[in-house]
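Structure first, then comments.
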2 protein chains.
Amino acid sequence: MLLSKSTEYGIRATLYLTSLKQEGYVSIRDISDELDISFHFLTKIFQKLTQADLLQSFRGPRGGVALARPADQITLLDLVTAIDGPALFTECVLGLPGCGERKPCPLHEAWGPERDNLKALFENATLASMAADLETFDLRLKILHL
Amino acid sequence: MLLSKSTEYGIRATLYLTSLKQEGYVSIRDISDELDISFHFLTKIFQKLTQADLLQSFRGPRGGVALARPADQITLLDLVTAIDGPALFTECVLGLPGCGERKPCPLHEAWGPERDNLKALFENATLASMAADLETFDLRLKILHL
DNA sequence: TATATTTAAGACAATTAAGTCTTTAATTAA
DNA sequence: TTAATTAAAGACTTAATTGTCTTAAATATA
């Protein structure tokens, strides 16, 4: 699996938050209800994003979470690295510690450009651009209940 | 993480087996000792590869494992899908069941070509080509003990 | 000030992945 | 035929991830 469940949830939830375009804070409960994600689990994921300064949170009535900066200044790469860490973009595909130019693994050369592509893709996708796509193409963030 | 530990081990071990260019069977113990992979764990991984007809195994003295077909006819994609399954190349990046052309997630369009690249990379890398690189460039499969 | 609302934090449980150990079956060779 | 060698199979343990629950802290409002 490319992304952990935590990261999958984090992306969907943050994207949903963005799409609401709400002035103030949005409660985590509203988001978890809407996207069918465990409230407590989502709370923990948001805590990571808050600690990484991607979100702001506020306690008490009318509290919740909000983007910490404009939606065009938060990328998918920000979200992924804040939750899963940078391993996907830094570590050897074969898990060999110390794999590098000096003594590379058999996939090193081929994986380098591929990893850069992936990173570029994640870097170019901002919450703003994705939220725009969301509107334009009526994309989905929810699981369908049949 | 892109690949599971099982797949990482499976690739390294199969590649090592290929590089030996041995006529008969190579014992799993020899491979696990050489690459510092748990013997029993590697045995299970090889069992999957044997069941997927990528390896042949033989019990008893002078037994072990061997490639089931020429090294240029086994790809990295074969190994990855045999061990981890095809999810990486088939499932939605955001984990939305039913994500597809009809009702795609916000990453669907961007991820499609990227996934195809990745798949092509894994499909073009055969055990033969990687083993050749291994010789030519003195690449490494082992963890370095300092 | 008291109560309700909301996130923070941490304990705990369930599930999955990773790793170990033991027994069985197949095969060779003495 | 007996003993040694090797993979197969499955039980078991450990660790990591995922998910749940409870309590504490912060804040607003009545």
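Below, read A as the first sequence line, B as the second, and so on, with proteins coming before strands; counting in each chain starts at 1.
- Overall, the helix from dT1(C)-dA30(D) to dA30(C)-dT1(D) carries an axis bend of 10° between its ends, with five pairs at each end and the value rounded to 10°.
- Distance, Q56(A) CD to dT6(C) P: 18 Å, rounded to whole Å.
- A side-chain N or O of T7(A) and one of D84(A) form a donor-acceptor pair less than 3.5 Å apart.
- Using a 4.0 Å cut-off between charged nitrogen and carboxylate oxygen, K103(A) and D138(B) count as a salt-bridge pair.
- In this structure, K48(B) atom NZ and dA8(D) atom C1' are separated by 15 Å, rounded to whole Å.
- Separating the CD atom of E8(B) from the C1' atom of dA18(C) is a distance of 12 Å, rounded to the nearest angstrom.
- The nearest whole Å value for the distance from the CD atom in Q47(B) to the C1' atom in dA7(D) is 7 Å.
- The backbone N or O of I74(B) lies less than 3.5 Å from no partner atom in the side chain of D78(B), so there is not a single donor-acceptor pair.
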A correct 5'-to-3' footprint of nucleotides 20-30 of chain C, with B, S and - meaning base, sugar-phosphate only and no protein heavy atom under 4.0 Å, is BBB--BBBBS-
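- With contacts defined as side-chain heavy-atom distances shorter than 4.5 Å, the pair E114(B)/L118(A) qualifies.
- Of all the residues in residues 13-26 of chain A, not one reaches under 4.0 Å from DNA chain D with any non-hydrogen atom.
- M1(A) and L76(A) fall into different hydrophobic clusters, where Ile, Leu, Val, Met, Phe, Trp and Tyr are joined by side-chain heavy atoms under 4.5 Å apart, directly or via other members.
- Looking at heavy-atom distances under 4.0 Å, Q51(A) makes contact with sugar-phosphate atoms alone, never a base.
- Taking a cutoff of 4.0 Å between a charged side-chain nitrogen and a carboxylate oxygen, E135(B) and K21(B) qualify as a salt bridge.
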